[in-house]
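Taking it in order: structure first as structure tokens, then the write-up.
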Amino acid sequence: SDIWYLSEFKIQQWDASTYNLSDDCYTIIHQDYAPLDERLRAFSRHIEKSDQYYRAGFQMLNHPTRESVELSISQNQGGLSIFGKDLADSIKSSHLSAAETDTLNQHVTRTVKAIQGFVDSLDGILKNKDYPFRNYSIGKVLYKEKFKYDLATNFSPEELYIKATNEQKLVYDRMVQTANGLWDKYFKNKARPKDSLSLVQSVIDAISQQHAQGKDFFDTLKNQVYELKRFIVVKDLFNFDTTYPIIVRIMPAYERGFSIASAEFTKPYGKKGDTYYNIDDITSFPKEKMESTLREYNNYTSQILSIHEAVPGHCLQSIYNKLKSSDVLRSVFTNGAMIEGWAVYVEGMMLENGWAQDVPEMQLMYDKFKLREIGNVIVDYDMQCKDKSKEYIISYLVNNLFQTKAQAEEKYHRATLSQVQLCSYYAGSSAILALREAYKNKLGSQYSLKEFHENFLKYGSSPVKYISERMLQ
């Protein structure tokens, strides 16, 4: 995969967001994997040649995509905050010698200048009206190869596309039934629309009005994590140490511009350190965008988001990788379909086991999330292999998948910045559900859901098809 990426896909030539030291630097400074003095020395060595790094990165670019240039500018500018007050405070509280401190400060000054220079160079490209940007679409040939290397699944791109299209209808039919049952609760004196799309959208719109205030959004999601931890312990779904730190925080500036929330893991060789549930600061959004985002992540869908990103989704999975996976290899070479598939799988699993007490509003909103997962496959393939227009994609997401305009715009933007990754959710969750069913049939009366989870997660973030071979042999 690495050889193919460098020699065939050549992402280093056209994805400007590849060049960013922010995540490395933040990890060295803030992850408590070693004493502060040792980390600051490592940090100083790491950024010593940052000017050469950014200069070489810009020289490497050969007609990058406009979208990656815009993202790189935003994220590198955001990364400048890493070299500010917190770093200065860390240096002051350290025991570095005067010479070491002086050298480190020189390296920091050089790095800040290098980042600003890189951003200015990229900005120059954007201001050139005649610059020949590469199209974000990679085409069927490269897409098929990337699909093979990224997902390591038994599906072909076309097979997954057909499967997603077929399941979209099943989920939609279930949503119509649920919305019919909720109509009188929200529209007592109003006639039901004859059009099923309008019926479902009307009920979704009514439910979506139930959401936190912008200023309370972060705290709402933070409190959900505590409730989710308690639930999985009470229900005995995992052998989980709830004292292991999961830190809910505002998303760092250098990570913004890709998704509303994310999980960030302890690095592969660090046996201790923090796991983060990152939430974008929606109070910084324009008023209309903030309101649209709050409707999208309302009182019900925000719970699904926290299940997916935090517990028992990505954050729990990361902790298991550190504490229970058998070796570091599986933590270094991770499979995106297993990681995202797990987070999608647990959304449904939690509802199956009583989370939200079977309220129909949650079922409808879960199915809306399910349509998003399915739509990811369809949108990604349509944009990368069929060259479908932005207008077509936005219309599909809003009118067929019940997404808000803000969510649709975000998904379109994301699909211009990645390829295949959007397929990992559906490909992975489908494979996990198939494995669970096969494992249940194999064990019969000896089967337990908790044991399935513990056995599955001990293999780290390996491709599901290889985990299946081990668990079913």
Side-chain angles (χ1 to χ4, degrees), residues 17-57 72-120 218 222 225 241 243-257 262-281 284 314-315 318-319 321-323 328 331-332:
S17 67
T18 300
Y19 303 104
N20 194 334
L21 291 175
S22 303
D23 186 52
D24 297 351
C25 291
Y26 187 93
T27 298
I28 295 171
I29 296 168
H30 292 282
Q31 286 281 10
D32 190 22
Y33 65 88
L36 176 61
D37 289 2
E38 185 178 332
R39 285 185 282 122
L40 287 174
R41 293 184 183 107
F43 178 77
S44 184
R45 292 193 299 272
H46 190 66
I47 62 174
E48 180 179 0
K49 293 182 171 61
S50 56
D51 53 342
Q52 296 179 40
Y53 166 80
Y54 277 106
R55 188 163 55 248
S72 186
I73 289 173
S74 172
Q75 291 189 332
N76 272 289
Q77 284 178 328
L80 288 171
S81 62
I82 295 169
F83 304 94
K85 184 177 183 302
D86 286 351
L87 175 59
D89 290 344
S90 294
I91 295 173
K92 282 182 182 178
S93 63
S94 72
H95 299 91
L96 297 182
S97 67
E100 288 175 320
T101 300
D102 183 58
T103 299
L104 173 54
N105 285 326
Q106 289 180 33
H107 292 169
V108 169
T109 300
R110 182 184 304 157
T111 301
V112 169
K113 184 178 179 180
I115 293 173
Q116 290 173 332
F118 182 67
V119 167
D120 289 343
F218 176 84
K222 185 174 183 178
V225 174
D241 179 5
T243 63
Y244 197 94
I246 295 176
I247 298 174
V248 187
R249 65 172 182 175
I250 292 292
M251 185 180 289
Y254 67 85
E255 291 187 5
R256 292 176 189 169
S262 66
E264 190 174 333
F265 312 147
T266 308
K267 301 303 178 183
Y269 286 93
K271 282 301 178 184
K272 65 176 183 174
D274 298 321
T275 298
Y276 296 107
Y277 176 21
N278 298 320
I279 302 165
D280 206 346
D281 180 13
S284 67
H314 290 318
C315 288
S318 166
I319 292 167
N321 267 358
K322 292 293 123 194
L323 302 181
V328 74
S331 294
V332 173

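What you see below is based on every heavy atom in this structure, not just the backbone, and it leaves out hydrogens, waters and symmetry mates. Remember, it's a predicted structure, so these values are computed and weren't measured experimentally.
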> Taking only residues two or more places apart in sequence, or in another chain, which ones meet Ala114 in a side chain to side chain contact (heavy atoms under 4.5 Å, CB included)?
Replying inline: Ser50, Asp51, Tyr54

> Sequence neighbours excluded, which residues qualify as side chain to side chain donor-acceptor pair (under 3.5 Å) partners of Ser262?
Replying inline: Asn278

> Just by modelled atom types, is the Ile319 backbone N or O under 3.5 Å from a matching donor or acceptor in the Asp241 side chain?
Replying inline: no

>> As an exercise, state the distance from CG of Leu96 to CD of Glu38, rounded to the nearest 0.5 Å.
In response: 11.5 Å

> Heavy atoms, side chains only, cut-off 4.5 Å: are Ile279 and Lys222 in contact?
Replying inline: no

> Can you tell which of Asn105, Thr103, Leu104 makes a side-chain contact (heavy atoms from CB on, under 4.5 Å) with Thr101?
Replying inline: Asn105

>> To check you understand the geometry: which heavy-atom pair defines the closest contact between Ser72 and Phe118, and what is its length?
In response: OG-CE2, 3.5 Å

> Which residues satisfy the side chain to side chain contact (heavy atoms under 4.5 Å, CB included) test with Asp24, sequence neighbours excluded?
Replying inline: Leu21, His46

> Yes or no on side chain to side chain contact (heavy atoms under 4.5 Å, CB included) for Asp86 and Ile29, after CA distance, side-chain angles and deciding distance?
Replying inline: CA-CA 9 Å; Asp86 286 351; Ile29 296 168; over 6 Å; no

> Quick one: side chain to side chain donor-acceptor pair (under 3.5 Å) partners of Thr27, sequence neighbours excluded?
Replying inline: none

>> Counting C-beta onward and ignoring hydrogens, is there a side-chain heavy-atom pair between Arg256 and Ile250 closer than 4.5 Å?
In response: yes

> What pairs with Ala56 under side chain to side chain contact (heavy atoms under 4.5 Å, CB included), at least two apart in sequence or on another chain?
Replying inline: none

> What closest approach, in Å, do Val248 and Phe218 show between heavy atoms, and which atom pair accounts for it?
Replying inline: O-CZ, 3.5 Å

>> Please list all pairs meeting salt bridge (Lys or Arg N to Asp or Glu O under 4.0 Å) that have one or both residues in residues 97-113, counting only residues at least two apart or in different chains.
In response: Arg41-Glu100

> Can you find a heavy atom in the side chain of Asp274 that is under 4.5 Å from one in the side chain of Gln31?
Replying inline: yes

> Which atoms form the tightest heavy-atom contact between Phe265 and Cys315, and what is the distance?
Replying inline: CE2-N, 4.5 Å

>> Taking salt bridge (Lys or Arg N to Asp or Glu O under 4.0 Å) as the definition, give me every residue that meets it alongside Arg249, ordered by chain and number, with sequence neighbours left out.
In response: Glu264

Under 3.5 Å donor-acceptor pairs involving side-chain atoms of residues 77-85, not counting sequence neighbours:
residue : atom : partner : partner atom : Å
Ser81   : OG   : Gly78   : O            : 2.9
Lys85   : NZ   : Asp89   : OD2          : 2.8

>> The criterion is side chain to side chain donor-acceptor pair (under 3.5 Å); which residues satisfy it with Tyr276, sequence neighbours excluded?
In response: none

>> Using only atom types and a distance under 3.5 Å, with no angle test, would you say the side chain of Asp37 pairs donor to acceptor with the backbone of His95?
In response: yes

> Quick one: ring pair (Phe, Tyr, Trp, His ring centres under 6.0 Å) partners of His30, sequence neighbours excluded?
Replying inline: Tyr26

>> Within the 4.5 Å heavy-atom criterion, are Ile47 and Tyr53 side-chain neighbours or not?
In response: no

> Looking at residues at least two apart in the chain, or sitting in another chain, which of them share a side chain to side chain donor-acceptor pair (under 3.5 Å) with Thr275?
Replying inline: none

> Between Ile115 and Asn76, which heavy-atom pair has the shortest distance, and what is it?
Replying inline: CG2-O, 3.6 Å

> How would you list, by chain and number, every residue that makes a side chain to side chain contact (heavy atoms under 4.5 Å, CB included) with Thr109, sequence neighbours excluded?
Replying inline: none

